[in-house]
There are 2 protein chains.
Amino acid sequence: MGNEVQESKTPDGAASVADDELIRSGRDADVTRRALVRAARRRFATEGYRATTVRHIAADAGVNVALINRYFGSKEGLFEACMNRTVDELDPQTRVRAASVDEVIARLLTHVVEAPNADDPLQLLLLLRSSGDENADAIRRRTLERFTEQLAAAAGWSAEVPASQPLLLRAQMAIALMLGLVMLRTATEVQPLASASADQLTEPLEQVLRVLLDTRT
Amino acid sequence: MGNEVQESKTPDGAASVADDELIRSGRDADVTRRALVRAARRRFATEGYRATTVRHIAADAGVNVALINRYFGSKEGLFEACMNRTVDELDPQTRVRAASVDEVIARLLTHVVEAPNADDPLQLLLLLRSSGDENADAIRRRTLERFTEQLAAAAGWSAEVPASQPLLLRAQMAIALMLGLVMLRTATEVQPLASASADQLTEPLEQVLRVLLDTRT
DNA sequence: TACGCAAGTAAACGATTGTTGACATGGGTA
DNA sequence: TACCCATGTCAACAATCGTTTACTTGCGTA
């Protein structure tokens, strides 16, 4: 049943196929590890570190709770693995760079609209969660800062051009909006926002993102 | 030592003096209750519901942990009291009927700009953080929904007017932005957003809030 | 001054949580 | 086919947590 997917670490498609398996089967440490990371990422992102129990994660992944300590050493170790995964995914070297502000806006729109169902927006939420470990917190902050710099660069920001500095602030505001929306749609489930359709969201959201990011207007 | 402040329940000044007392002394149930709510609000806002222990709250307030159950019935009951307090503080001006969307926008701007330094923005975090407890989350969601309804009403929304329904969604997006900004400015401390000056924040933020809330444009 | 009641405390309880150690099982190789 | 080792499970442990109960204390009034 395709559990022998050879993950090569390069094509995003292959990685996401393996990652889409919530319930592992057979005895394969790698598959089990990945199932745990996947389940943990969801839980940590939507419920936070402390409210997430290792028993919930193990149940989501279909394994026994003792395997979390076996493979990651501790709950904290699993959290760190999740964080590292998110950081890797957001790494500039591994991401397809947006060519234009239009693409950026479209991507942000997609994140928010997909938020109740898709993984990517939840991973950004993970960057807002703290386990109480200061080193992890510093990594989180740096990752978010680099992410917003990429976004701003697509809109015309450059660290070397003083006149473009307000763009970085505006990009961070765009991210704040996205994070707030994702959180209210997924973790909090505020109505009518949580069940709003793509059409309902896209119009106001695009207006706002253009105000913040589109310097051509 | 000024512990005999006669609180009359009417002047906000007098209330805030009593509320500024973290450590209560003497035997006065009201003072104790308020000290617990104050301590709890801080803890819940900065650490979240689940990571906050009743023993920490009691220690912060300088009382024995059993008093939380005595006065609020449970941890959850204390959380609800904190929520109600937050709503009351966000409400009073709204209760007086905000004269215009301009005043609403100005108030939202103030919350965000003051975020790294003042108490109130921490209470907004209280509205955002997931609690890991279903009942507490239901309380939180209801509170957010009520608050965004009041905001939308100031901008012209009414539950009885179908044509005004998008305004509620837009109000919720405005709140999402505000909550995201407060989170990035305070808990995550993303730079340069966390240290941005009021001037730097006000211009883009007002543009966005007008796009979302000001139907006269 | 003594008594009663409200406010406060300490200790204990039951449930939950992350972790550990002993054991079970399955798959691959000789 | 049998054996060995990696993977997986179960039961238990220690610590923590919210809650409860029995007791203490302080203040106000008669």
Side-chain angles (χ1 to χ4, degrees), chain A residues 1 3-4 21-40 43-44 47-82 129-133 136, chain B residues 1 3-7 18 21-37 39-40 43-44 47-82 130-137 139:
Chain A
M1 263 307 173
N3 284 344
E4 272 75 82
E21 299 167 18
L22 258 197
I23 307 297
R24 55 110 228 172
S25 59
R27 294 167 70 106
D28 184 328
D30 267 357
V31 169
T32 301
R33 249 189 235 104
R34 279 201 300 276
L36 281 170
V37 168
R38 180 171 175 75
R43 286 280 183 173
F44 287 140
E47 299 179 13
Y49 181 79
R50 190 63 191 272
T52 297
T53 70
V54 287
R55 285 175 172 84
H56 278 148
I57 294 168
D60 290 348
V63 302
N64 184 277
V65 64
L67 292 187
I68 288 169
N69 288 73
R70 160 77 61 76
Y71 289 128
F72 301 100
S74 63
K75 180 182 179 180
E76 180 79 39
L78 177 56
F79 184 74
E80 187 168 345
C82 294
R129 305 292 193 184
S130 172
S131 67
D133 178 70
Chain B
M1 259 312 173
N3 286 341
E4 271 76 76
V5 173
Q6 301 276 359
E7 181 181 287
E21 297 171 22
L22 260 195
I23 308 296
R24 56 109 228 173
S25 58
R27 296 167 69 109
D28 184 330
D30 269 356
V31 168
T32 302
R33 249 189 234 102
R34 279 199 302 277
L36 281 170
V37 168
R43 286 276 184 176
F44 288 141
E47 301 180 13
Y49 180 83
R50 192 63 189 272
T52 297
T53 71
V54 288
R55 284 171 173 85
H56 277 147
I57 295 168
D60 291 348
V63 302
N64 184 278
V65 63
L67 292 188
I68 288 170
N69 288 73
R70 159 77 64 74
Y71 290 128
F72 301 98
S74 63
K75 179 183 182 183
E76 188 178 304
L78 176 57
F79 183 70
E80 184 160 3
C82 293
S130 66
S131 69
D133 178 275
E134 283 188 8
N135 291 335
D137 274 342
I139 294 166

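This structure is a prediction, so every number in the text was calculated from the model and none was measured. Chain letters run A, B, ... following the sequence lines, proteins first and then strands; every chain starts at 1.
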Between protein and nucleotides 15-26 of chain C, map the contacts as a letter string: B base, S sugar-phosphate only, - none, heavy atoms under 4.0 Å, written 5' to 3'. --BBBBB---BS

Give the rounded distance in Å between these two atoms: CG of A:D28 and P of C:dG28. 10 Å

Whole-Å distance, A:F72 CZ to D:dG8 P, equals 11 Å

Classify A:Y71 by what it touches in the nucleic acid, base, sugar-phosphate, or nothing, heavy-atom distance under 4.0 Å. sugar-phosphate

May I have the step-by-step check of side-chain contact (heavy atoms from CB on, under 4.5 Å) for A:K75 and A:L78, ending in yes or no? CA-CA 5 Å; A:K75 180 182 179 180; A:L78 177 56; 5.7 Å; no

In terms of ring plane angle, is the pair B:Y49 and B:F44 parallel, tilted or perpendicular, where the classes change at 30° and 60°? parallel

Consider side chain to side chain contact (heavy atoms under 4.5 Å, CB included). Of A:V31, A:L36, A:T32, which one does A:R34 pass it with? A:V31

Over how many whole Å does the gap from B:L36 atom CG to C:dT9 atom P extend? 10 Å

Between B:E80 and B:I139, what is the shortest heavy-atom contact and its length? OE1-CD1, 3.6 Å

What is the distance, to the nearest angstrom, from the CG atom on A:L67 to the C1' atom on D:dC10? 12 Å

Extract from the structure each pairing of a protein N or O with an N or O of nucleotides 28-30 of chain D at less than 3.5 Å, listing the distance.
none

CG of B:L78 versus P of D:dC17: gap in Å, rounded? 16 Å

